[in-house]
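As a basis for the values below, the full set of heavy atoms in this structure was taken, side chains included, without hydrogen atoms, waters or symmetry mates. Since we're looking at a predicted model, the values are computed, not measured.
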There are 2 protein chains.
Amino acid sequence: MKIGAVSKASGVSQRMIRHYEAIGLIATPARRDSGYRDYSEADAHRLRFIANARDLGFPIGEIRSLLGLWSDAGRASSEVKAIALARAEDLKHKAEALDAMRRTLMDLAVRCHGDDRPDCPIIERIAGGLA
Amino acid sequence: MKIGAVSKASGVSQRMIRHYEAIGLIATPARRDSGYRDYSEADAHRLRFIANARDLGFPIGEIRSLLGLWSDAGRASSEVKAIALARAEDLKHKAEALDAMRRTLMDLAVRCHGDDRPDCPIIERIAGGLA
DNA sequence: CTTGACTCTGACATGATGGCAAACTTTATA
DNA sequence: TATAAAGTTTGCCATCATGTCAGAGTCAAG
């Protein structure tokens with residue numbers, strides 16, 4: 001399989017496939033005489049794993065760990081669970097931070113006339129009116 | 001005021017102050033004979049404005065617009081409100097995306113034994129078991 | 001054989017930020 | 001005052017994931 005095919009099969013862009021290779025997330029694939037990368041089904045599967053992990057919000061470092069756990073048939077499920085729970089916790093914090101900003105903005109927005117008048121509590125707050 | 005002072009006064013790191021200058025978010029400050037940047041209170045205020053906007057989740061491009069609206073005493077509050085509401089909407093989408101990931105992870109985690117046994121629905125799902 | 005589709009490498013960009021290093025200035029202390 | 005410590009300068013590298021672009025070489029089909 002050439003890179004275009006494995007890209008379609010895995011849903012990972014060619015750009016990112018080469019990137020993952022560069023950072024050692026996937027093994028350097030075989031090369032044809034032409035220099036073209038040649039991938040196996042296993043490579044496609046591994047890339048799909050990476051794409052799924054990314055969609056769940058895992059950063060590269062943790063995906064690296066997960067890949068190791070995936071290929072380690074004897075590892076304890078507790079190891080995987082710990083990583084997942086830590087990730088969930090992190091996502092929670094990030095979502096809460098975003099929501100806090102959103103609430104602040106909405107609080108300001110409802111107090112803003114939103115018409116032709118220039119006075120605006122939103123700008124005032126950003127300018128330092130009430131930190 | 002030298003950069004260290006304005007940094008403390010505004011809460012913006014020296015690194016970012018120079019960066020904002022480089023991207024034209026703040027004017028190039030006066031220079032002393034030594035070459036040191038020399039800031040005014042107005043500069044510190046502007047940097048505080050930027051820091052506050054950033055804390056509310058505004059990206060650089062929008063901060064640029066807000067700075068313009070801030071210095072335009074006659075602009076309609078509706079202009080500011082529109083930007084704030086759009087930002088709130090964006091934050092909402094991002095927070096929801098993060099929370100969706102978190103919920104998926106928690107769903108998987110509660111179904112994972114989390115003990116010494118190797119079978120794990122989390123890894124299985126990431127490997128493609130049930131997309 | 002020609003053309004179009006594919007692949008290669010390398011580089012630049014985003015967005016916000018951190019860090020390091022070498023050289024120079026200012027300030028404080030002995 | 002001489003020297004040391006602290007502050008500032010510029011510039012470059014790194015992060016994280018991703019896109020795009022260019023120029024050159026390859027492959028497959030007509």
Inset, instruction - From the options C/dG18, C/dT17, C/dT7, select the nucleotide whose nearest atom is closest to the side chain of A/Gln14. - result: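 Closest nucleotide to the A/Gln14 side chain: C/dT7.
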
Legend entry - Given C/dT7, C/dT17, C/dT25, the nucleotide with the shortest approach to the side chain of B/Tyr36: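 Nearest to the side-chain atoms of B/Tyr36, counting from C-beta on, is C/dT25.
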
Inset, instruction - Could you state the atom-to-atom distance from NE2 of A/His19 to P of C/dT14 in whole Å? - result: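 About 18 Å, once rounded to whole Å.
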
Inset, instruction - Rounded to the nearest angstrom, tell me the gap between atom CG in A/Asp33 and atom C1' in C/dT7. - result: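 For the pair A/Asp33 CG and C/dT7 C1', the rounded distance is 15 Å.
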
Inset, instruction - Considering just the side-chain nitrogens and oxygens of A/Arg31, establish if one lies under 4.0 Å of OP1 or OP2 belonging to C/dT7. - result: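 Negative; the distance criterion is not met.
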
Inset, instruction - Report yes if at least one side-chain N or O of A/Arg37 is closer than 4.0 Å to OP1 or OP2 of C/dC8; otherwise report no. - result: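 Yes, because at least one side-chain N or O of A/Arg37 sits under 4.0 Å from OP1 or OP2 of C/dC8.
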
Inset, instruction - Report yes if some heavy atom in the side chain of A/Ile83 is under 4.5 Å from a heavy atom in the side chain of A/Ser65; otherwise report no. - result: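 With C-beta onward as the side chain, the pair touches.
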
Inset, instruction - Assess whether side chain to side chain contact (heavy atoms under 4.5 Å, CB included) is satisfied between B/Lys81 and A/His113, documenting all intermediate values. - result: CA-CA 8 Å; B/Lys81 187 166 183 173; A/His113 303 309; over 6 Å; no

Inset, instruction - May I have the step-by-step check of side chain to side chain contact (heavy atoms under 4.5 Å, CB included) for A/Leu67 and A/Ile63, ending in yes or no? - result: CA-CA 6 Å; A/Leu67 283 165; A/Ile63 293 178; 4.1 Å; yes

Inset, instruction - Give a yes or no on whether a salt bridge exists between A/Arg103 and A/Asp99, defined as a side-chain N under 4.0 angstrom from a carboxylate O. - result: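 Yes, this pair counts.
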
Legend entry - 5' precedence on DNA chain C between B/Phe58 and B/Ser34 (nearest-nucleotide basis):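 Its nucleotide being nearer the 5' end, the pick is B/Phe58.
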
Legend entry - Donor-acceptor side-chain pairing of B/Asp107 and B/Thr104 below 3.5 angstrom: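 Checked: B/Asp107/B/Thr104 side chains show no N/O donor-acceptor pair below 3.5 Å.
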
Inset, instruction - Kindly write out the residues that satisfy ring pair (Phe, Tyr, Trp, His ring centres under 6.0 Å) with A/Phe49, not counting sequence neighbours, or none if the list is empty. - result: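 Ring pair (Phe, Tyr, Trp, His ring centres under 6.0 Å) list for A/Phe49, sorted by chain: A/Trp70.
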
Legend entry - Start and end of chain A contact along DNA chain D [non-hydrogen atoms, under 4.0 Å]: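 The footprint of chain A covers D/dA17 to D/dC27.
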
Inset, instruction - Answer with base, sugar-phosphate or nothing: what part of the nucleic acid does A/Arg32 contact at a heavy-atom distance below 4.0 Å? - result: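 Here A/Arg32 touches no strand at all.
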
